Participant: 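Below are the structure tokens for one structure; questions will follow.
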Amino acid sequence: MGRGLSPWGRGCVQAALGTCLLISLQCDLTGWWENDLGSKMHVSKVDSQGNFSGKYYTAVSSAQKPIEPSPLIGSQHLDEDGQCTFGFTVNWKFSDSTAVFTGQCFAGEGGEEVLQSTWLLREKVDSLPSDWKATRTGHNVFTRLG
Ligand code: BTN
């Protein structure tokens with residue numbers, strides 16, 4: 001199977017007998033996503049400038065309090081090649097922490113949208129000498145739920 005680019009923002013996946021399956025290469029984060037930890041997020045409509053807001057439903061937490069859905073705000077590029085970069089911040093409502101995610105949209109082998117992301121999670125510490133241990137980093141992969 002090969003892939004090609006067509007001029008109207010779609011990709012051609014070469015299928016049997018020289019046929020071409022057109023797949024959309026646009027990347028719009030609007031909708032429901034799930035990551036490899038089982039966390040879910042809902043992105044409300046991305047506006048014409050690429051700005052969006054939404055809710056994050058984390059599956060895991062290091063906080064003492066019960067997990068609650070938390071607001072996110074972010075922006076994405078609107079390139080038509082399906083490989084936009086994006087970033088968003090989650091302000092956890094049940095914890096003093098803040099998370100930022102940045103990443104890029106790709107098409108998986110079957111043409112499905114895959115968001116590769118890297119995050120920083122800043123937890124609140126009680127003094128400057130503890131600053132060194134306040135930030136964690138990691139990687140999450142999101143796929144679309146709907
Ligand atoms: C906290 O523990 O203080 C708040 C919840 C943090 C959840 C983190 S953010 C990065 C990682 N990816 C997820 O989907 N959840 C965890």
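Whatever order the structure lists them in is the order used to number ligands and atoms, beginning at 1. This one's a predicted model, so the numbers in the text were calculated from it and none came from an experiment.
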Participant: Any side-chain donor-acceptor pair under 3.5 Å between His139 and Gln116?
Facilitator: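 The criterion, which ignores hydrogens and geometry beyond distance, is satisfied for Gln116 and His139.
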Participant: Under 4.0 Å between a Lys/Arg side-chain N and an Asp/Glu carboxylate O for Arg122 and Asp131?
Facilitator: yes
Participant: Strictly distance-based, threshold 3.5 Å: is any side-chain N or O of Gln76 a donor or acceptor partner for the main-chain N or O of Val46?
Facilitator: no
Participant: For each nitrogen or oxygen atom of ligand 1, which protein N/O atoms lie closer than 3.5 Å, and how far apart are they, rounded to 0.1 Å?
Facilitator:
residue	atom	partner	partner atom	Å
ligand 1	2 (O)	Ser61	OG	3.3
ligand 1	2 (O)	Ser62	N	2.9
ligand 1	2 (O)	Ser62	OG	3.3
ligand 1	3 (O)	Ser95	OG	2.8
ligand 1	3 (O)	Ser97	OG	3.0
ligand 1	12 (N)	Asn140	OD1	2.8
ligand 1	14 (O)	Asn35	ND2	2.9
ligand 1	14 (O)	Ser39	OG	2.6
ligand 1	14 (O)	Tyr56	OH	2.6
ligand 1	15 (N)	Thr58	OG1	2.9

Participant: Tell me, which pairs form a ring-ring contact (aromatic ring centres under 6.0 Å, His included) where one or both residues lie in residues 40-71, sequence neighbours left out?
Facilitator: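 ring-ring contact (aromatic ring centres under 6.0 Å, His included) check on residues 40-71 returns Trp32-His42, Trp32-Tyr57, Tyr56-Trp92, Tyr56-Phe101.
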Participant: As a quick check of understanding, evaluate side-chain contact (heavy atoms from CB on, under 4.5 Å) for Gln83 and Gln104, giving each step before the final call.
Facilitator: CA-CA 6 Å; Gln83 303 203 123; Gln104 186 170 349; 3.4 Å; yes
Participant: Closest heavy-atom contact between Ala59 and Ser39?
Facilitator: N-OG, 2.9 Å
